[in-house]
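These notes are about the structure you will find just below.
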Amino acid sequence: MSETETIKFSAETEALMQNIIGRYPEGRHKSALLPLLHIAQADSNGWLSVPVMNRVAEILNIKPIEVYEVASFYSMFHLEPVGNCLIEVCRTSSCWLRGANDIVAHIEKRLGIKDGETSADGKFTLRTVECLGSCGTAPMLQIGEQYHENLTMEKVDQLLEENRNTTKHSTYLDHTTFRTV
Amino acid sequence: MQRKLLLEHIDVPGIQSYDVYRSKGGYASVEKALKTMTPDAVVEEVKKSGLRGRGGAGFPTGMKWSFLAKPEGVPRYLVCNADESEPGTFKDRYLMQHIPHLLIEGMITSSFALGAKTSYIYVRGEFFYIIRILEKAIAEAYKNGWLGKNIQGSGFDHDIYVHPGAGAYICGEETALLESLEGKRGNPRIKPPFPAVKGLYDCPTVVNNVETISAVVPIVNNGGEAYAAIGIGKSTGNKLISASGHIKKPGVYEIEMGLTVEEFIYSDALCGGILNDKKLKAVVAGGSSVPILPAELILKTASGEPRLMSYESLADGGFATGTMLGSGGFIVMDESASIVHNLYTFTRFYHHESCGQCSPCREGTSWMEKILHKILEGHGTISDIDLLWDIQRKIEGNTICPLGDAAAWPVASAIRHFRPEFEAYVNNPKQQLEVSYYDHCRNLASAEV
Ligand SMILES: Cc1cc2nc3c(=O)[nH]c(=O)nc-3n(C[C@H](O)[C@H](O)[C@H](O)COP(=O)(O)O)c2cc1C
Ligand code: SF4
Ligand code: FES
């Protein structure tokens, strides 16, 4: 895909982006890159395509490569499509000590996919991730903005059931997350 | 129990909201500082308090503040480090979630002391639900005249903005954080120059942890001397400890420094003892980066003194027999835990999180992860253990930022204190795999919950 192909976000989204840019001093608008990518991703089915990133570059008046190199550095930006429900299970020490491996194995079995894969119907993506800062309530996982803690197999089953028919993407944030001025 | 300074009102219903927070004496430190003190006087109180950075390094906060350069006409910034990604650490999240105004209050008082008109709170991206809470608290603070222009008629202007990260442990390192805040990849900068001279947008900047900034509130309210009277020696005040792993009551505890480790682990009011009354095997006392210690050495120093929860006592004996307080991420392992597998999760973490700028860190963490995986799978050799030792030694001290050291220390300490366990994986792979790797996680997950 080319560096020139771009899209437009909704008027509301573009306005929110301008509002966020205003948080940073004159001439330092590039600072808004991470929040803008988050907003862009939430508005684009949970992933960042090249045209979406190009639009962010346009808005910030920076080169597309400056956006790509940042987007590929951070683990929360997805450069390929993900399922409607992105399940991110912590696999680090404290969670591992409290049974995270079993939680992952259980989800893999239920969904018939492995860590890193998306189910055939495109509904679920499973990822293992590093410590989410919730070690005292291990094992835990994140779906969109929501933390699910002190997991049991029953809780996991319930979560899978609840999310089986969602048509909306599980996003990390929405338009009401940030304070606007 | 001693008096709580940060979590005193944590159980008050509605303390998340401005009205309840204010009714419990909230924002008094801002009033006191703005109306009765000069900025330098606030810095002086923080110096007197002996407060040390709560993000991990333990650098004296007052001293850091006094290093801040103050060239004419150049803005200064306060940046709060709320990246909290060190495995085992979840205290900042707890504070921000349950008593968000404490951090906002600390930010305003600290910014007044530093002469910062704008400050940023850099929150790890996974914490968007915390960002929501902070944004609401900030909006309330504006509405009630604690932020914005001419705060409480003092002539001091201040704005606070929350900035989300996007999933990168390295952005907790202060110069990587500043790069990230400028919209770049989180590659640590070479120091010097230090942020105090050249930080955000090349301007003088103080970066402090959430808990550090929050502690400024009781320090200004009660005076630095009162704070310094709490704790033990140079470990003044209270510390939040994030306790996790094989204990009966995981959670965040505010303790007075100087408490014995034994009391912390076994007291009913604190961790409540080891899960299922098993035996304690090992503790990682200060987040994944600090050396792991076996039960004997975490409870008592090599000279037989009770080990205390303080910077000095935990470090007693150096790396041969001691560890560090670090971020206060206290991970407890019972007799059934596999030290080798736990180490594997740490090493995989550091490999995943290395920014890749320095080859010892980038390549070394990758090799250590691969070798540990091989050992866990039952294909290791004795020379692999020596190779691990060799690699960690070559990383330590040879990198731009301390992530390299942080990746090396857990490996070094695990081999130092638990070498026979590594050897058992090599010599008797089948048994090890059954007992401590697969079954262990399986048993836990099915039995407990
Ligand atoms: C790899 C790495 C990760 C770090 N992560 C954090 C973090 O998540 N939170 C934090 O407050 N400090 C973290 N630090 C320490 C910061 O670099 C810095 O020392 C700290 O924010 C200073 O604040 P303090 O003096 O109040 O502790 C990290 C350091 C390194 C090397
Ligand atoms: S030590 Fe590792 S994380 Fe730090 S700058 Fe070097 S490569 Fe990056
Ligand atoms: S280890 Fe899983 S949240 Fe920290």
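Throughout, a chain's letter reflects where its sequence line sits, starting with A, and its residues are numbered from 1.
When atom types are taken as modelled, the side chain of A:Glu14 and the backbone of A:Phe9 share a donor-acceptor pair closer than 3.5 angstrom. A distance-only check finds no donor-acceptor pair linking the side chain of A:His148 to the backbone of A:Met140 [under 3.5 Å]. At least one donor-acceptor pair under 3.5 Å links the side chain of A:Arg98 to the backbone N or O of B:Gly245. In this structure, B:Asn81 contributes its side chain and B:Gly172 its backbone to a donor-acceptor pair below 3.5 Å. Between the side chain of B:Lys281 and the backbone N or O of B:Ser336, no donor-acceptor pair lies under 3.5 Å.
To the nearest 0.5 angstrom, B:Leu275 atom CG is 10.5 Å from A:Leu97 atom CG. Once rounded to the nearest 0.5 Å, the distance linking CD1 of B:Ile274 with CD1 of B:Ile265 reads 5.5 Å. Distance check: A:Ile103 CD1 to A:Cys95 SG gives 9.5 Å after rounding to the nearest 0.5 Å. The distance from the OH atom of B:Tyr350 to the OG1 atom of B:Thr365 is 11.0 Å, given to the nearest 0.5 Å.
Heavy atoms closer than 4.5 Å to chain A are found in the backbone of B:Ile247, but not in its side chain. Contacts of A:Thr137 with chain B are made by side-chain atoms alone, with heavy-atom separations under 4.5 Å and no backbone atom involved. With a 4.5 Å cut-off on non-hydrogen atoms, B:Tyr169 does not touch chain A at all. For B:Ala243, the part lying under 4.5 angstrom from a heavy atom of chain A is the backbone only. Looking at B:Val252, there are no atoms closer than 4.5 Å to chain A (heavy atoms on both sides), in backbone or side chain. With a 4.5 Å cut-off on non-hydrogen atoms, A:Glu145 touches chain B through its backbone and its side chain both. Residue B:Ile130: no heavy atom, backbone or side chain, is found under 4.5 Å from chain A. Interface remark: B:Arg185 contributes backbone and side-chain atoms alike to the contact with chain A (heavy atom separation under 4.5 Å). Only the side chain of B:Tyr120 comes within less than 4.5 Å of a heavy atom in chain A; its backbone stays farther off. For B:Tyr77, the part sitting under 4.5 Å from any heavy atom of chain A is the side chain, from C-beta outward, and nothing else.
When each of B:Glu135, B:Glu86, B:Lys249 is scored by its heavy-atom pairs under 4.5 Å with chain A, the top score falls to B:Glu135. By number of non-hydrogen pairs under 4.5 angstrom with chain B, the leading residue of A:Ala138, A:Gly144, A:Ser134, A:Ser72 is A:Ser134. Ranking B:Gly183, B:Gly329, B:Ser242, B:Pro87 against chain A, the residue ahead of the rest is B:Gly183, based on heavy-atom pairs under 4.5 Å. Ranking B:Gly251, B:Gly88, B:Ala168 against chain A, the residue ahead of the rest is B:Gly88, based on heavy-atom pairs under 4.5 Å. Contact count against chain A (heavy-atom pairs under 4.5 Å) is highest for B:Arg348 among B:Arg348, B:Glu353, B:Arg124, B:Glu84. Chain A forms the most heavy-atom pairs under 4.5 Å with one residue out of B:Tyr201, B:Tyr161, B:Phe349, and that residue is B:Tyr201. Contact count against chain A (heavy-atom pairs under 4.5 Å) is highest for B:Gly167 among B:Cys171, B:Ser180, B:Gly167, B:Gly165. Here A:Arg91 is the residue among A:Glu69, A:Gln142, A:Glu88, A:Arg91 with the most heavy-atom pairs under 4.5 Å with chain B. Looking only at heavy-atom pairs under 4.5 Å with chain B, the residue among A:Thr92, A:Thr176, A:Leu132 that has the most is A:Leu132.
Interface residues of residues 20-45 of chain A toward chain B, defined by a heavy-atom distance below 4.5 Å and sorted by number: A:Arg23, A:Tyr24, A:Pro25, A:Arg28, A:Lys30, A:Ser31, A:Leu33, A:Leu34, A:Pro35, A:His38.
Relative orientation of the B:His341 and B:Tyr344 rings is parallel, given thresholds of 30° and 60° on the angle between their planes.
For B:Tyr122 and B:His163, the ring centers sit closer than 6.0 Å to each other.
Residue pairs meeting the salt bridge (Lys or Arg N to Asp or Glu O under 4.0 Å) criterion with at least one partner in residues 56-65 of chain A, sequence neighbours excluded, are A:Arg55-A:Glu58.
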Legend entry - Pair A:Asp157-A:Arg110, salt bridge (Lys or Arg N to Asp or Glu O under 4.0 Å): steps then yes or no: CA-CA 8 Å; A:Asp157 285 339; A:Arg110 281 289 142 96; 2.5 Å; yes
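Relative to the ring axis of B:Tyr129, B:Arg132 does not place its NZ or CZ within 45° and under 6.0 Å from the centre.
For B:Thr118 and B:His158, the side-chain atoms include no donor-acceptor pair closer than 3.5 Å.
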